[in-house]
A.B. asks: 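Got a structure for you, questions after.
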Amino acid sequence: MAAPTGNVMERIVALCKRRGFIFQSSEIYGGINGFWDYGPLGVELKRNLKDAWWNDMVRNPPLGPGNVEYQMVGVDCSIIMHPQVWKVSGHYDLFADLMVDCKECKRRFRADKVFIAVIGGDLPQPRGVFGIEADGLAGALEELPNALTAWAKGKNEAEFKKAEVVRTGAEPTVNTHKGSYVVQVHELGKLPAGVPRLCANCWGELTEPREFNLMFQTYVGALIDEESKAFLRPETAQGIFVNFKNVTDTTRVKVPFGIAQVGKSFRNEITPRNFTFRSREFEQMEIEFFCHPSESRQWYEYWRDVRLRWYTNLGLTSSKLRLREHDKDELSHYSCGTSDIEYAFPFLAEGDFGELEGVAHRGDFDLRSHMEGKLVNRDGQLVVDTGPDGKPRWKGSGKDLTYFDDERKERFVPHVIEPSAGADRATLAVICEAYTVDESRPSPELMRFHPRLAPVKAAIFPLVNKDGLPEIAEPLYREVKKRWPAQYDAKASIGKRYARMDEAGTPYCFTVDGQTKEDGTVTVRDRDTGAQQRIDKSRVVEFLAEKLASAM
RNA sequence: GCGGGUGUAGCUCAGUGGUAGAGCGUCACGUUGCCAACGUGAAUGUCGUGGGUUCAAGUCCCAUCACCCGCUCCA
C-alpha cells in the first residue's frame, strides 16, 4: 500500500472511517455538526475504556492516602431532571450568556465584559466614545488609561495620545493640553440613551446583546409551553449530588466515599470542532468524592495523581500527557483548586494540549447549593444569590444534605473532589496514541492499542484454507471467542490478514499451519514487533489470559 | 458567528462546458504456503444538497449543508 498522505489527524480520521471506529452522524443526509457515531470497532474500544474506568475506579479503586480503604458506588441517573436542578447549580444562569459581536472586526464579547467610556459626557456631544473589555466595572476603570491610549492611537485622536487619567471623586478625569474632561464608564446593559455600543478592539459598532443558550432544551409532556420546559443535562455530576442523600441513606457508605456515573451529556457548543473532541453530545465518566473538609486537600491531590496514572497505565505516553494546575483567575467561583489532565492531540498546534479530564476541588458548593439555593461568591464568601426582593434567586431543595460522622461525632457538609473525565476524549486520545506509521513494515499503518483496550483481542487464521487446517482453526476460534472478542479469517494471503489485524489494533494473531497437524503447536504473532513464537494450541486461551491480565 | 480552504467509488485522489476515471480496498475463482504476493473476473457513484445559466454542468453562477485551518467561544 502506498505511504499515507496528508497530515496525521486526517490520516487518523480516514482510518477511523475506513475501519469502522468512528463515523459522522447522519452521514447519508450530509452529516450534522457536532455529532458522531461509533462503528463496530469504535464501540468495542470505547466500551473497553469505560469498563476499565468502572473497574479501576468503582469496583476496585486503589488504596487512598495512607493506604486507607474507601467505598465507591455507582449510580445511573436520568438525562432529564427537574429544571430547578440546573437553576440551583448555576448552569441556567451561566449558560444563558448575553453576547455581543462587533460588526466590523467580528470579535465576540460577553456582554457583561464590555464597558463603554464616554469622554466629556456632560456635554451634549461627547468628545469621544470607545469600548473597554474588562472584568467588572472596577476592572474597566483600571483599564481606562490603556484603553484610552489605544483608542487615541487607533482612531488618530491627536489630543488624547498623551492624555493623563486622574481619579478625582467618583468619576475619572482626562487631562490633555487643551482641557480636562470627565469620563463616564457605563455597563453595556445600562447605557444611557444615545450612547453607542462600540467595540473594545476596533471601536466599530457592536450588535445588540444576544442570548446564547448552551443548554439543550426540551419539553416534558405533550403540551409545549413554558411550564413544561426542561433541559438535557450538560453534566452528569448533578445527578450524583441530588442523589447524595439517597445513597447515604441506603448503602451504609461512610465518608470518605465516592459516587460514580458514566453517561451522556449535552451542550450546545458554539463551535464543535476537531473530530469528536468537542461534540454537542458526549459521554462523561464522573466521580464525586465526598470527604471531611479537613481532609479535602489531600484527597484532591490523591485523585489528581490517581487519574493521571490511570491514563499512563492505559498506554498514553507521559510526554504527551500533562497535569496543569489552574491559575487562581481561571478557577470557577466555587473551586478551591482545579487541575486539568491534558493530552497533546495531533490536531493541536505544537506545544498545545487539550483537556481530557478536570479534577476539581469543589468544596461544599454543590451540596450547600441544593440545600440553600443557588450560591454566589460575594467578597470571598459563598452566599445565597438573592433577587431584588431579598429572597433566593433560585430556591434549593430545603432538604438536609449534611452528614453525621459517627466516629468524629460531628455533623458537616462534606467537601467534594470531582474527577470528571470525557469518555469520547479519552477514546480519541487512545486512538491518536495508538496510530503508528512504520514505513519499514510491510503494513505501515497500525493501531497499537493497549491489549486491555483493543477492540479485538485475537485473530485465528488457518495458514491456508484447505488441507485440514480450517478444521483445526475453527474450533480454536470458537474456544477463544467465548472469552474475548476474536476474529476468524481464512481468506487472502497471510500477510494481508496480519495487516488487516494491525489496522484494527488486534494484539495477537494465532495461525494454524502444517506443523499444527504434526505436533499441535500454532504460531503466535505479536502485533507490535511482528515476532512469532510457537505454543501448543491447547495453551492459546491461557496465553491470552496471561497477556491480557499482565496488561492491567 | 466571521474569514480562508475542501467536498467525485469504502479510502486516497485525477477529471480542458461534450460517454464517470485511476490506485488501493472489497467480493469471487485460481495459484500461493508466515507478513498488504500473483493472475482472471466482478460489484460499488443522488459527482455533498437545492436552485440557476446553457443545446449540454462534476466543470460556470447563487444558496445551503458538512469537514479542515485561523479568529471567537468553551461555566
Side-chain angles (χ1 to χ4, degrees), chain A residues 1-7 9-11 13-20 23-36 39 86 89-97 99-110 113 201 207 210 212 214-215 234-235 237 267-275 277-280 282 330-335 338 347-349 354-355 358 360 420 440-446 461-467 469 491-503 509-515 522-527 529-532 534:
Chain A
M1 183 172 174
T5 56
N7 73 39
M9 199 58 213
E10 281 169 12
R11 298 194 319 244
V13 173
L15 188 143
C16 283
K17 169 81 190 289
R18 188 168 73 237
R19 294 312 307 259
F23 306 124
Q24 201 180 357
S25 170
S26 318
E27 193 185 349
I28 62 169
Y29 287 105
I32 176 168
N33 186 275
F35 298 91
W36 299 89
W86 306 110
S89 70
H91 290 84
Y92 182 82
D93 292 338
L94 277 164
F95 267 31
D97 282 341
M99 308 288 284
V100 289
D101 292 299
C102 176
K103 292 178 182 174
E104 290 177 25
C105 71
K106 309 300 182 192
R107 278 193 58 175
R108 171 173 295 162
F109 305 90
R110 281 175 59 140
K113 289 197 170 179
N201 180 52
T207 60
R210 292 180 290 190
F212 278 66
L214 269 53
M215 273 201 290
E235 63 171 32
R267 295 181 194 180
N268 243 326
E269 297 282 358
I270 296 170
T271 312
R273 204 169 273 196
N274 288 327
F275 204 27
F277 184 76
R278 175 164 294 130
S279 304
R280 291 192 164 122
F282 57 99
E330 200 181 347
L331 290 177
S332 308
H333 60 280
Y334 49 76
S335 179
T338 299
F347 52 75
L348 298 172
E355 182 185 344
S420 169
S440 72
R441 294 168 64 114
S443 50
E445 269 183 308
L446 70 152
F461 305 144
L463 184 59
V464 289
N465 198 16
K466 59 182 182 185
D467 300 341
L469 301 189
K491 303 292 177 64
S493 71
I494 192 70
K496 184 174 283 192
R497 283 180 274 169
Y498 286 147
R500 284 176 183 149
M501 287 302 139
D502 284 347
E503 269 197 353
C509 294
F510 299 90
T511 302
V512 171
D513 58 16
Q515 194 180 328
V522 297
T523 61
V524 189
R525 181 260 193 188
D526 181 275
R527 175 196 65 201
T529 62
Q532 291 186 19
R534 297 199 76 91

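Throughout, protein chains are lettered first and strands after them, A, B, ... in sequence-line order, and every chain is numbered starting at 1. A quick note: this is a predicted structure, and the numbers were derived from the prediction, not measured.
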A.B. asks: Could you give the distance separating B/A14 and B/G52 at their C1' atoms, to the nearest angstrom?
C.D. replies: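 Each nucleotide's C1' atom is 28 Å from the other's.
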A.B. asks: Check A/F282 against A/S279 and note the closest heavy-atom contact, atom names and distance.
C.D. replies: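 For A/F282 versus A/S279, the nearest heavy atoms are CD2-O, 3.7 Å.
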A.B. asks: Yes or no on side-chain contact (heavy atoms from CB on, under 4.5 Å) for A/R525 and A/R497, after CA distance, side-chain angles and deciding distance?
C.D. replies: CA-CA 12 Å; A/R525 181 260 193 188; A/R497 283 180 274 169; over 6 Å; no
A.B. asks: Using the C1' atom as the point on both nucleotides, what is the distance between B/A20 and B/A56, in whole Å?
C.D. replies: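 It works out to 16 Å between them.
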A.B. asks: Nearest heavy-atom pair of A/L446 and A/R527: which atoms, and what distance?
C.D. replies: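 Closest approach of A/L446 to A/R527: CD1-O, 4.0 Å.
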A.B. asks: Please determine whether a side-chain nitrogen of the Lys or Arg among A/E445 and A/R19 lies less than 4.0 Å from a carboxylate oxygen of the Asp or Glu.
C.D. replies: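 No, A/E445 and A/R19 are not salt-bridged.
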A.B. asks: Can you list the residues that meet the ring pair (Phe, Tyr, Trp, His ring centres under 6.0 Å) rule with A/F347, with sequence neighbours excluded?
C.D. replies: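 Checked A/F347 against ring pair (Phe, Tyr, Trp, His ring centres under 6.0 Å); matches are A/F277, A/F345.
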A.B. asks: Can you tell me how far P in B/U49 sits from the matching atom in B/A66, rounded to whole Å?
C.D. replies: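 Going atom to atom, P in each nucleotide, I get 15 Å.
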A.B. asks: Collect all protein-nucleotide pairs involving nucleotides 38-40 of chain B in which both atoms are nitrogen or oxygen and the distance is under 3.5 Å.
C.D. replies:
none

A.B. asks: By the 4.0 Å heavy-atom rule, please label A/I28 as base, sugar-phosphate, or nothing.
C.D. replies: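 Base contact - A/I28 has a heavy atom under 4.0 Å of at least one base atom.
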A.B. asks: What pair of heavy atoms forms the shortest contact from A/R267 to A/P234, and how long is it?
C.D. replies: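 Closest pair (atom of A/R267, atom of A/P234, distance): NE-O, 3.0 Å.
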A.B. asks: In whole angstrom, give me the gap between the C1' atoms of B/G50 and B/G4.
C.D. replies: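 Each nucleotide's C1' atom is 24 Å from the other's.
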A.B. asks: Could you tell me how far B/U8 sits from B/G70 if I compare only their P atoms? Round to whole Å.
C.D. replies: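 Between the two P atoms, the distance is 22 Å.
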A.B. asks: Rounded to the nearest Å, what distance is computed from the CD atom of residue A/E445 to the P atom of nucleotide B/G10?
C.D. replies: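 Rounding to the nearest Å, CD of A/E445 and P of B/G10 are 19 Å apart.
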A.B. asks: Can you give me the closest heavy-atom contact between A/F275 and A/M9, atom names plus distance?
C.D. replies: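 Smallest interatomic distance, heavy atoms only, reads CD2-CE, 3.8 Å.
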A.B. asks: Could you check how far CZ of A/R497 sits from C1' of B/C35, rounded to whole Å?
C.D. replies: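 So the two atoms are 11 Å apart, to the nearest Å.
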A.B. asks: Measure from NZ on A/K17 to P on B/G10 and round the result to the nearest Å.
C.D. replies: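 Taking NZ of A/K17 and P of B/G10, I get 7 Å after rounding.
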A.B. asks: When you check every protein heavy atom under 4.0 Å of nucleotides 63-70 of chain B, what one-letter string (B, S, -) results, 5' to 3'?
C.D. replies: --SSSSBB
A.B. asks: Roughly how many Å is it from CG in A/L446 to P in B/C35, rounded to a whole number?
C.D. replies: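 That distance rounds to 17 Å.
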A.B. asks: Whole angstrom is fine here: how far is it from CZ in A/R441 over to P in B/C35?
C.D. replies: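 To the nearest whole Å, that distance equals 13 Å.
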A.B. asks: A/E503 CD to B/G10 P: how many Å, rounded?
C.D. replies: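 Taking atom P of B/G10 as the reference, CD of A/E503 is at 17 Å.
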A.B. asks: When you measure from the side chain of A/R441 to the backbone of A/A499, do you find a donor-acceptor pair of N or O atoms at a distance under 3.5 Å?
C.D. replies: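 Such a contact is absent between A/R441 side chain and A/A499 backbone.
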A.B. asks: For a quick check, with a 4.0 angstrom heavy-atom cut-off, what is the B/S/- contact string for nucleotides 28-34 of chain B, read 5' to 3'?
C.D. replies: S----BB
A.B. asks: Could you pull out all residues at least two apart from A/T338 that satisfy side chain to side chain donor-acceptor pair (under 3.5 Å)?
C.D. replies: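 A/T338: side chain to side chain donor-acceptor pair (under 3.5 Å) contacts with A/S335.
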A.B. asks: For A/M215 and B/A75, give me the distance from atom CE to atom P, rounded to whole Å.
C.D. replies: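 Distance, rounded to whole Å: 14 Å.
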A.B. asks: Provide, to the nearest angstrom, the distance between the CZ atom belonging to A/R280 and the C1' atom belonging to B/C73.
C.D. replies: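 From A/R280 CZ to B/C73 C1': 11 Å.
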A.B. asks: Using the C1' atom as the point on both nucleotides, what is the distance between B/G7 and B/G48, in whole Å?
C.D. replies: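 Taking atom C1' in both B/G48 and B/G7, they lie 6 Å apart.
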A.B. asks: If we take the C1' atom in both B/U40 and B/C62, what is their distance in whole Å?
C.D. replies: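 The same atom, C1', in both gives a distance of 49 Å.
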A.B. asks: Measure the shortest side-chain to side-chain distance between A/Q515 and A/L463 over non-hydrogen atoms and say whether it is less than 4.5 angstrom.
C.D. replies: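 They are not in contact (no side-chain heavy atoms under 4.5 Å apart), so the answer is no.
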A.B. asks: Can you classify the ring geometry of A/F461 versus A/Y498 as parallel (below 30°), tilted (30 to 60°) or perpendicular (above 60°)?
C.D. replies: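 Ring orientation, 0 to 90° scale: tilted.
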A.B. asks: Identify the heavy atoms of A/F23 and A/G39 that sit nearest to each other, and give their distance.
C.D. replies: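 Between these two residues, the closest heavy atoms are CE1-CA, 3.6 Å.
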A.B. asks: Extract the stems that RNA chain B is part of, considering only consecutive pairing runs of at least three Watson-Crick or G-U wobble pairs, both distances under 3.5 Å.
C.D. replies: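 Stems (3+ consecutive pairs) listed as B:1-7 with B:65-71, B:10-13 with B:21-24, B:26-30 with B:38-42, B:48-52 with B:60-64.
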